J.: 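Once you've had a glance at the structure underneath, I'll fire off some questions.
From a predicted model like this one, the values you see are computed outputs, not experimental measurements.
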Amino acid sequence: MLDLNEPLDEAGFQHLRRSIQDRYSINLIVPAEQDSWEAGLHHGFKGMQLACPAVTAEALKGTNPASVFSRSMEAHNQDKVSMAPIAARDARTVVGLVEEVVAIHLLTACQALDLRGAELMASRTRAAYELVRARAPFVGTDRRMDADIAAVVDLIRSGAFGELLTP
């Protein structure tokens, strides 16, 4: 722990430097110059970091068995109602949400590769990276990313990533 009342020695400086680097690594943006008025203003992928667990929670909520909501009908003459149509709609919704989560992870991986160095990627990884980057550019400053997610979801639905896996 840094004691801000004491002079900053080498160990304290290194701790502070790592903390600043971690912030930018977590947010996946290029750090602004420290004397720039923009330093600390951009949140980068923080919105994705918040959206992904929210979408995941919604998908998990949709995986409850539909049968537990069945109600008797016709004065209890028929005690089971087919829940198959509801279960099918729920499954369709969950698949769409999972596609969004996968898209967020692909965008995050591409952003990390841009920041950490993409030169050592394997050929199939590079092909996937290029597919994503053709539709969703690098995030240098804060901006809406819903169109990026939708573009990558479209790529997932098109089967383009599956084609990369076939030799």
J.: Rounded to the nearest 0.5 Å, how far does CZ of Arg126 lie from CG of Leu164?
T.: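 Reported value, rounded in 0.5 Å steps: 13.0 Å.
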J.: First locate atom CE of Met48, then atom CG of Asp148, and finally report the distance between them rounded to the nearest 0.5 Å.
T.: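 Reported to 0.5 Å precision, the distance equals 6.0 Å.
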J.: Same cluster or not: are Val132 and Ile149 linked, directly or through other Ile, Leu, Val, Met, Phe, Trp or Tyr residues, by side-chain heavy atoms under 4.5 angstrom apart?
T.: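 Yes, one cluster joins them.
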J.: Roughly how far apart are Ile156 CD1 and Leu106 CG, rounded to 0.5 Å?
T.: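 Rounded to the nearest 0.5 Å, the CD1-CG separation comes out at 5.5 Å.
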J.: Under a single-linkage definition using a 4.5 Å side-chain heavy-atom cutoff for Ile, Leu, Val, Met, Phe, Trp and Tyr, are Met145 and Val102 assigned to the same hydrophobic cluster?
T.: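 Linked within one cluster.
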J.: Looking at side-chain heavy atoms only, is the closest gap between Arg135 and Val152 below 4.5 Å?
T.: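 Not in contact.
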J.: For the atom pair CZ (Arg157) and CG (Asp154), what is the distance rounded to the nearest 0.5 Å?
T.: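 So the gap between those two atoms works out to 6.5 Å.
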J.: Could you tell me if the side chain of Cys110 sits less than 4.5 Å from the side chain of Glu130, heavy atoms only?
T.: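 In short, these two side chains do not touch, never coming nearer than 4.5 Å.
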J.: Shared ILVMFWY cluster between Val55 and Val98, side chains joined below 4.5 angstrom?
T.: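 No, because Val55 and Val98 fall into different hydrophobic clusters, even though each may have its own neighbours under 4.5 Å.
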J.: Do you reckon Tyr129 sits in the same ILVMFWY cluster as Ile104, going by side-chain contacts under 4.5 Å, direct or chained?
T.: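 Cluster IDs for Tyr129 and Ile104 differ.
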J.: Restricting to non-hydrogen atoms, name the atom on Ala136 and the atom on Leu107 that form the minimum distance, rounded to 0.1 Å.
T.: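 Smallest heavy-atom distance, with atoms named: CB-CD2, 3.5 Å.
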J.: Verify the cluster assignment for Leu131 and Val139: are they in a single hydrophobic cluster under the rule of side-chain heavy atoms below 4.5 Å apart?
T.: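 Same hydrophobic cluster.
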J.: Work out which heavy atom in Val153 is nearest to a heavy atom in Ala103; give both atom names and the distance.
T.: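 Closest approach of Val153 to Ala103: CG2-CB, 3.8 Å.
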J.: Check whether any side-chain heavy atom of Leu113 lies under 4.5 Å from a side-chain heavy atom of Phe138, and answer yes or no.
T.: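 No. Closest side-chain heavy atoms not under 4.5 Å.
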J.: Atom SG in Cys52, atom CD in Glu100: separation rounded to 0.5 Å?
T.: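 Here the interatomic distance stands at 10.0 Å.
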J.: Under the criterion side chain to side chain donor-acceptor pair (under 3.5 Å), I'd like the reasoning laid out for Gln111 against Arg133: C-alpha separation, chi angles, the key distance, then a yes or no.
T.: CA-CA 9 Å; Gln111 187 77 7; Arg133 281 298 179 233; 3.3 Å; yes
